[in-house]
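Take a look at the structure set out below.
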Amino acid sequence: PCYSHDTMAGRRNTPHTFGRVFTQALRDKNITRYRLRQLTGKNDSQLYGIAKGCNAPTVDTIIWIAEAIGMEPHELFRRLYEAIREERSR
């Protein structure tokens, strides 16, 4: 099973937060995971794991995702940073 919350800190963990940012970025660009899989050759289990927060993507993977969906990598990192800051302020 995939655990999407850090039970020790009572906060969402970074992979889960990135999954939300990743999913929103796909929506913003009107790209499905199926289409992203076609563009990149990555398998659906990898993309599903990232989207659901089960897999923590590497920096290389984050850059790859950004470029595949037509975003600058720094924009995706900025969205992640803002989401983490928002969660920490709750």
Side-chain angles (χ1 to χ4, degrees):
C2 173
Y3 298 98
S4 62
H5 289 83
D6 177 354
T7 55
M8 296 293 288
R11 289 188 211 141
R12 293 181 187 274
N13 60 28
T14 301
H16 179 80
T17 303
F18 183 76
R20 288 187 310 106
V21 169
F22 168 65
T23 300
Q24 186 60 51
L26 290 178
R27 280 190 204 121
D28 292 349
K29 296 289 187 172
N30 294 316
I31 297 174
T32 63
R33 273 199 336 257
Y34 176 78
R35 179 67 181 136
L36 185 60
R37 188 178 73 207
Q38 289 177 319
L39 292 169
T40 62
K42 295 287 184 182
N43 68 52
D44 195 52
S45 65
Q46 290 172 299
L47 298 176
Y48 178 84
I50 291 169
K52 295 300 178 189
C54 298
N55 301 339
T58 64
V59 171
D60 285 345
T61 299
I62 293 172
I63 291 169
W64 160 83
I65 288 169
E67 291 174 345
I69 64 175
M71 289 179 79
E72 291 291 326
H74 68 84
E75 175 63 19
L76 200 53
F77 279 108
R78 183 187 61 75
R79 288 181 182 201
L80 176 59
Y81 173 72
E82 289 174 357
I84 290 170
R85 281 187 62 196
E86 180 182 317
E87 287 180 0
R88 288 181 179 168
S89 69
R90 291 183 195 162

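None of these values were measured; they are calculated from a predicted model. Basis for what follows: all heavy atoms, side chains included, without hydrogens, waters or symmetry-related copies.
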Interatomic distance, [X] atom [atom1] to [Y] atom [atom2] [nearest 0.5 angstrom]:
{"X": "Thr40", "Y": "Ile65", "atom1": "OG1", "atom2": "CD1", "answer": "8.5 Å"}
{"X": "Ile50", "Y": "Arg33", "atom1": "CD1", "atom2": "CZ", "answer": "10.0 Å"}
{"X": "Thr58", "Y": "Trp64", "atom1": "OG1", "atom2": "CH2", "answer": "9.5 Å"}
{"X": "Thr17", "Y": "Arg79", "atom1": "OG1", "atom2": "CZ", "answer": "14.5 Å"}
{"X": "Arg35", "Y": "Lys29", "atom1": "CZ", "atom2": "NZ", "answer": "14.0 Å"}
{"X": "Leu39", "Y": "Glu67", "atom1": "CG", "atom2": "CD", "answer": "12.5 Å"}

* **Main-chain N/O of Arg20 paired to Thr23 side chain as donor or acceptor, under 3.5 Å** =>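 Checked: no pair found.
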* Go through the side-chain N and O atoms of Ser45 and Asn43 and say whether any donor and acceptor fall under 3.5 Å apart. =>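 Yes, a side-chain donor-acceptor pair sits under 3.5 Å.
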* **The single option from Leu36, Ile62, Ile69 passing side-chain contact (heavy atoms from CB on, under 4.5 Å) against Phe22** =>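 For Phe22, the side-chain contact (heavy atoms from CB on, under 4.5 Å) check succeeds only for Leu36.
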* To do: Report the residue from Val21, Asp28, Leu26 that forms a side-chain contact (heavy atoms from CB on, under 4.5 Å) with Gln24.
  =>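 One option only clears the test, and that one is Asp28.
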* **Pro73 versus Ala66, closest heavy-atom pair with distance** =>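 That closest heavy-atom pairing would be CA-CB, 3.6 Å.
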* Asked: Taking a hydrophobic cluster as the set of Ile, Leu, Val, Met, Phe, Trp and Tyr residues connected by side-chain heavy atoms closer than 4.5 Å, whether directly or through intermediates, do Val59 and Leu76 fall within one such cluster?
  ->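 Yes, Val59 and Leu76 fall within the same hydrophobic cluster.
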* Asked: Is the number of heavy atoms from other residues, nucleotides or ligands within 6.0 Å of CZ (Phe77) greater than 12?
  ->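 Atom CZ in Phe77 is crowded, with more than 12 foreign heavy atoms closer than 6.0 Å.
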* Can you list the residues that meet the side-chain hydrogen bond (donor to acceptor under 3.5 Å, both in side chains) rule with Glu82, with sequence neighbours excluded? ->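 Glu82 satisfies side-chain hydrogen bond (donor to acceptor under 3.5 Å, both in side chains) with Arg78 once adjacent residues are dropped.
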